[in-house]
Every structure is written in C-alpha cells, then in structure tokens.
Amino acid sequence: MVMFPHCYFNRCIGKYGRPLALSPSKLKTLSCFLFAAKYGTPCAFVESNTAESQDWDPCTAPFTGVLQDEDLLRTTHISSSGTSSNSTGLYVLDLINCGSLEPERTLYSKMLNKCTYLRKLKQGRAIHAHIQSSTFEDDLVLLNFILNMYAKCGSLEEAQDLFDKMPTKDMVSWTVLISGYSQSGQASEALALFPKMLHLGFQPNEFTLSSLLKASGTGPSDHHGRQLHAFSLKYGYDMNVHVGSSLLDMYARWAHMREAKVIFNSLAAKNVVSWNALIAGHARKGEGEHVMRLFLQMLRQGFEPTHFTYSSVFTACASSGSLEQGKWVHAHVIKSGGQPIAYIGNTLIDMYAKSGSIKDAKKVFRRLVKQDIVSWNSIISGYAQHGLGAEALQLFEQMLKAKVQPNEITFLSVLTACSHSGLLDEGQYYFELMKKHKIEAQVAHHVTVVDLLGRAGRLNEANKFIEEMPIKPTAAVWGALLGSCRMHKNMDLGVYAAEQIFELDPHDSGPHVLLSNIYASAGRLSDAAKVRKMMKESGVKKEPACSWVEIENEVHVFVANDDSHPMREEIQRMWEKISGKIKEIGYVPDTSHVLFFMNQQDRELKLQYHSEKLALAFAVLKTPPGLTIRIKKNIRICGDCHSAFKFASRVLGREIIVRDTNRFHHFLHGMCSCRDYW
DNA sequence: GTAGGGTTAG
C-alpha cells in the first residue's frame, strides 16, 4: 500500500469548518481517514486506539469504520465493537483526488462489512462499482462480501442479479443468498434454492441449514422443515447446537411443541438460543405457566437470560395476565442489571397494560429513553383496552407532536379506544385521518367503525357503511353489526347479519348464540330453538368458559358449574353471601343471557356458577379486605355478571378488575369503567 | 476472510 503522507491530515477540518490539528496525541483518540475512493463517496478511516504517538502508522493501523455521508462527509466515530457515536465530531472535506491510492483487498472487505452492518446501501454500491474497475473484479470472497451487503441491506434484486452473474460460487454465496431471502421474509424464495443447490452438487452446511430452517418456520407449510430435519439427521447435523436450535425454533413456530421439546431434550449442548426458542414457542401459545417453569429452570441451570428471553416471558405474562409474576421477572431484570431496558421496555408496557396495571405501563413508557412506534402503540392500545378513551386520544396527539409516524396498528388502537368509550364523532374523525397519513383501512378498522355506529344505535348507517366498504366484509364485520342488533333489539337486521356470518364462518358459536338470544328476546321461541338445533346439528361448539385469578403467585382456574374445586363449598357459601347482599341493594339476576328454554329458577341457578362469580368468591376468601381483585376470562363477561360485579364492588368496598377477551372492566363504587359499553 | 439460529404493538 502506498504510504499516506501526513499532510493529508490537514484536509480534515473541525466541526465548525476550522482546520483540525491532528497532533500525534490526538491521533490516539481521533480517527483519521486513510482512503478515498476515486468516486469520492466511499471512505474508510482508521481508529488509532492501538496507536502510540509517533510510532503509529496510519497505513498499518486496523480499519474500523467507513465514512457515511455523501458530499460533505461527516465521520461517525465507530468503535471497534461496531456501535457508533458522534464523539469525535470529525469532519472530512473533499476526499477526492487525494491520491491514486489503490486499496488493498482487505480494505474493500472491511468497508463492505461496515456498509452491511450500518445498512448503507448507497455507499456499498459505490464500493461495488469501485471494485468492478479494479483488479479484484472476479474475486470470489469479495463478491461474497458484496452479495452479503446487498442481501443484508434488503436489496434482494441486486443480490440475486449479482449471484446469477458470478463466475463461480461457493457454499458461502449460496448461504448468503438464502439467508438474505429468509431474513427479508421471502421464505419461498429461500426454500426454492435448496433443491437447486443440491442439484448443482452443493451440500448445505450448518449455516445453510439454519437459514433454510428459519425460512421454513415462516413458510407456507411445515413440509420443508420436516424435509430439512430428515436431511440434518442423515448427515448428523441435528446434534449441532445451531442447527438443533433452528430445528426446534422451526417446530415451535409451527406450534408443534412436542417435537420442539424432543429436539431440545436431545441437544447435548444447549445454549441461550435453544432456551429462547423453546420459551418463545410456549409464549406464542400463551402458555404462561409453562414459560415461567422453563424460565426458572433456565436460571437454575446457570444460563443468563437475554432480552429475547425476557421479551418472551413478558409476552407470556401479558397473555395470562399474571401481574405478580410479571413484576417478579421485572424485578429480576433490574437486579441482574445487564439487560438494556430499551429492548424489553415495549414488552413491559404491554405486560403491565394487559395484566391490569395501566399505571405501571405508563411509568415504564415514561422512563423509556426512546419511545418508538411500538412503545406508542403499546401504551395507546393499553389505554384503549382499559376504556380510557380520552387518555388514549391524548397520547395519540402527543405521538404526532413527537413526530412519530403512526401506522395501521396505531389507528386500530385509536379506533378501539373510541369504540370502547363510545366516542362516535372522534372515531369517525380518526377513521378519516387515516387517509391523510396514507394508511389504508383494513377489515379490522372497518369493524371498529361498524361497532361504533352500531352501539350508538345507528344501525342502518352501520349497515350502509358495510355495503360501501371498499374491501369484502368478513364475519367479524357482520358480527359487530349483529352484536349491536342484539343490544338495540333489532331483529330483522340482526337476522340478516347472522345469515351473512353463517355463510362466511359457519362454525363460530358466538353468532348462533347471539341470534337465538335475539329471537328469544323478541318472543320468537321456536326460531330461537331452530338456531340452537342448527348449532347442534352442524357440530358448532361453544368454547367452555373459564376464569382465573392469581393469588400469591399462583393461578387458580374456574370453569362454569365446576364442582371439582377442593374449596367448592366455601366458595359457594361466599357467593351466596355476596349474592344476598347485592340483592338487598338492587341486584336483579338478568336471565336473558342464559338458555331461554330453562325455567326461571334453573336460569338463576346456572348464572350463580358462572366462572367469574366463582373466581370472585374465591378471591374474596383468599385476599385481605380492600385489596384490588383481578379476574381474567377467556370469553366476554356476561351481562348478568357485569351487573352483579357492579353491585359487588359497592358492598365489598373494593375494586374488581375483570379482563375479558375484549377489554378491561374496572368495577368501583357500584360502577364500571366501561359505562356499560362492552 | 465472507454465511446461521432467539423478542415487542393488532
């Protein structure tokens, strides 16, 4: 390499345009540039962290970075770990024509790697162009670097193009392309390369297999994954910890947890990734207890959880609503210290919101160093689920002020907030606002608008809205209308909506029950019976209702009419006590939500043992007076329980929070936060 | 020397 004369350092200028004197001592801390490409764009600089004043030689110092900007090049100090900061504040001007330096091959590769890591496609392209006019034009290793740069920067077209034109390819070339497709979500393209490479005589290695397996975890069917599994077994790759982890992750993504577990157990050497993949699989299925068990097991075996682990654990806590467990794990994160809160902050917000503590969710949100789109969406959605519509809308406006671009999820949360708080005008306003932000309304957005109009009693408008939808209405859209018809006792439109649903999704029990209830409350008992019969004949089954409460870190599950609980007699006595007290202050059992063909007494009896009531009675037995009771349900709370809980919050003098599949209900002083919208 | 696996909002 040509020696780089020291006078070139004078071309470096400081932050405010003044020449920057780079004394040998400064060279120790500041970076200086070494190379400028003919085209002016790509530049590398070296960090003199190994330098010792005069002995330091810029030509032999290790490369650690690439200059980033185009014309006026502002260098970003890049530490050897690859993270960047602006600490040097060094500006470099006019690097063009500073010499006819011919870069070394390693220089190209280092620069390409930095472009790849920093996702600098433009600079990468310039380096590619430069290489094409050099003697390294056909260098396989350098071409692989370039290929990797295009693939990682998301330009799969350029990657594929280069791959096709490469005079020779090796396993790395194939793996780079496969992983590129796999990482950019183009699973089918990645998987299609597998037979091609076999055909050309290339044997996938552990790297290739991992990438292919990742693709099959998100691909169109688990068929490819099983094929790859067989291949791994044949060549003994299944024992490799990387391939093994990928295999287990692939099965976990297909929710084949039994197979995932078998692979996990068979792994001689497990690592954090294997644990994370297994935990994430169970977390995706909402198996909270299982996740907690695995997490503890992992700790006991001396593995250090990463932010991936915590994210999955919090996701699991969010879906089971285990506030105590979530808090415990949160404390564990803080105690263990090492985990950057930024990575897991968003899952924490979600966990607290879904476990019923919106206050803690807000606290975490406020403390985040940087609030990104996911943070905002999580907190807005949290407020929406708790029926705090005004607060959710306020946050949304704050988000716009903070110049964070909302996406379709943001708007869905905003619309849900309006729907859960009965804010009709606001809902319509924000639905229109989506167009301004160039976000296309999806089915889910339309559902919330139908819901909003329907609840407000504007059923015909809601129907008209559905008719004029630019996309095909789904069962969920008609379901929103049907629910509103039930609420406002509009039988004709309700029947019409139900018919649409039965065509689109004949196996859902919800609409059948709603329709039969609509008939029943209109006095059309024979029609109601017909719907029930239809349900029975077509094998439509209702999901068994259950509720659960968490007491002292343990989850207790209750099923309707459950008489298997060891404390059932005490629980029943407690409910009777509560029931007596609330009847005194005006509670009247609302039997219209129960099967209409029962007599009044049977209906009341049936209602008494609704799972949420059992859960409430149990919680009252097991917790000190005054403490907030948190109950979770796997279906929506029924009208009678809703009414009973309002009275119960008064006679018990404590807050009861119920999370159902739709939202949160905070019962306090005889009222509910949903203001009877649910 | 270049290639691989694990999170988050609906």
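Below, all heavy atoms of this structure are taken into account, side chains as well, without hydrogens, waters or symmetry copies. Bear in mind the structure is a predicted one, so any value in this text is a computation, not a measurement. Note on naming: letters A, B, ... go to the chains in the order of the sequence lines (proteins, then strands), and numbering restarts at 1 for each one.
Listed by chain and number, the residues in a side-chain contact (heavy atoms from CB on, under 4.5 Å) with S274(A) are V241(A), S245(A), L248(A), F264(A), L267(A), K270(A), N271(A) (sequence neighbours excluded). For the side-chain contact (heavy atoms from CB on, under 4.5 Å) test, residues two or more places apart in sequence or in another chain that qualify with S182(A) are A190(A), K214(A), A215(A).
Here the P atom of nucleotide dT8(B) and the CE atom of M351(A) are 15 Å apart, to the nearest Å. The interatomic distance linking Y310(A) (OH) with dT8(B) (P) rounds to 17 Å, in whole Å. Rounded to an integer number of Å, the gap from N240(A) CG to dG5(B) C1' is 10 Å. Between the P atom of dG6(B) and the CE atom of M257(A) lies a distance of 14 Å, rounded to the nearest Å. Remark: C1' of dA3(B) and CH2 of W174(A) are 14 Å apart, rounded to the nearest angstrom. Distance Q385(A) CD to dG10(B) C1': 9 Å, rounded to the nearest Å. Whole-Å rounding puts the Q371(A) CD to dT8(B) P distance at 20 Å. Taking atom CG of D350(A) as the reference point, atom C1' of dA9(B) lies 7 Å away to the nearest angstrom.
A stacked arrangement is not assigned to F207(A) and the six-membered base ring of dG4(B), the conditions of a centre distance below 5.5 Å and an interplanar angle below 30° not being jointly met.
Note on S381(A): a side-chain N or O is less than 4.0 Å away from OP1 or OP2 of dG10(B). The side chain of N148(A) contributes an N or O atom lying less than 4.0 Å from OP1 or OP2 of dA3(B). Phosphate contact (OP1/OP2 of dT7(B), side-chain N/O of R284(A), threshold under 4.0 Å): present. When the side-chain nitrogen and oxygen atoms of K214(A) are compared with OP1 and OP2 of dG4(B), none of them lie within a distance under 4.0 Å. Considering only side-chain N and O atoms, K169(A) lies nowhere under 4.0 angstrom from the phosphate OP1 or OP2 of dA3(B). Dashed line: the shortest gap from a side-chain N or O of K354(A) to OP1 or OP2 of dG10(B) is under 4.0 Å.
Of the candidate nucleotides dG5(B), dT7(B), dT2(B), dT2(B) has the atom nearest to the side chain of V141(A). Nearest to the side-chain atoms of V273(A) among the listed nucleotides dA9(B), dG5(B), dA3(B) stands dG5(B). Listed nucleotides: dG6(B), dT8(B), dG10(B). Nearest to the side chain of N346(A): dT8(B). For A280(A), counting side-chain heavy atoms from C-beta on, the closest listed nucleotide (dA9(B), dT8(B), dT7(B)) is dT7(B). When each of dG1(B), dG4(B), dG10(B) is scored by its nearest atom to the side-chain atoms of R105(A), the top-ranked nucleotide is dG1(B). Closest approach to the S245(A) side chain among dG10(B), dG5(B), dG6(B) is made by dG5(B) (side chain taken as heavy atoms from C-beta onward). Comparing atom distances between the N276(A) side chain and each of dG4(B), dT7(B), dG6(B) picks out dG6(B) as nearest. Taking the side chain of F145(A) as heavy atoms from C-beta on, and the options dG5(B), dA3(B), dT2(B), the nearest nucleotide is dT2(B).
Using a 4.0 Å heavy-atom distance criterion, L412(A) is classed as a sugar-phosphate-only contact. The residue V176(A) sits close only to the backbone: its heavy atoms come under 4.0 Å of sugar-phosphate atoms, none of a base. Residue contacts shown for S246(A) are limited to sugar-phosphate atoms, with no base heavy atom under 4.0 Å away. Within the nucleic acid shown, S375(A) has no heavy atom closer than 4.0 Å to any nucleic acid atom. Here A444(A) lies out of heavy-atom contact (under 4.0 Å) with every strand. Using a 4.0 Å heavy-atom distance criterion, S109(A) is classed as making no nucleic acid contact. At a threshold of 4.0 angstrom between heavy atoms, the contacts of N205(A) include nucleobase atoms, whether or not backbone atoms are also involved.
Looking only at distances, a side-chain donor or acceptor of R659(A) sits under 3.5 Å from a matching main-chain atom of K354(A). Side chain of S421(A) to main chain of L423(A): no donor-acceptor pair is present (N/O by atom type, distance under 3.5 Å, no hydrogens or angles).
Between the side chain of N144(A) and the base of dA3(B), no donor-acceptor pair of N or O atoms lies under 3.5 Å. A donor N or O paired with an acceptor N or O is not found under 3.5 Å between the base of dG5(B) and the side-chain atoms of S210(A).
Cation-pi check for K169(A) over F163(A) is met; the charged atom lies under 6.0 angstrom from the ring centroid and within 45 degrees of its normal.
The one candidate from H330(A), K363(A), K359(A) that meets the side chain to side chain donor-acceptor pair (under 3.5 Å) condition with Y352(A) is H330(A).
Salt-bridge formation is not detected for the pair K362(A)/E391(A): no Lys NZ or Arg NE/NH1/NH2 atom is positioned less than 4.0 Å from an Asp or Glu carboxylate oxygen.
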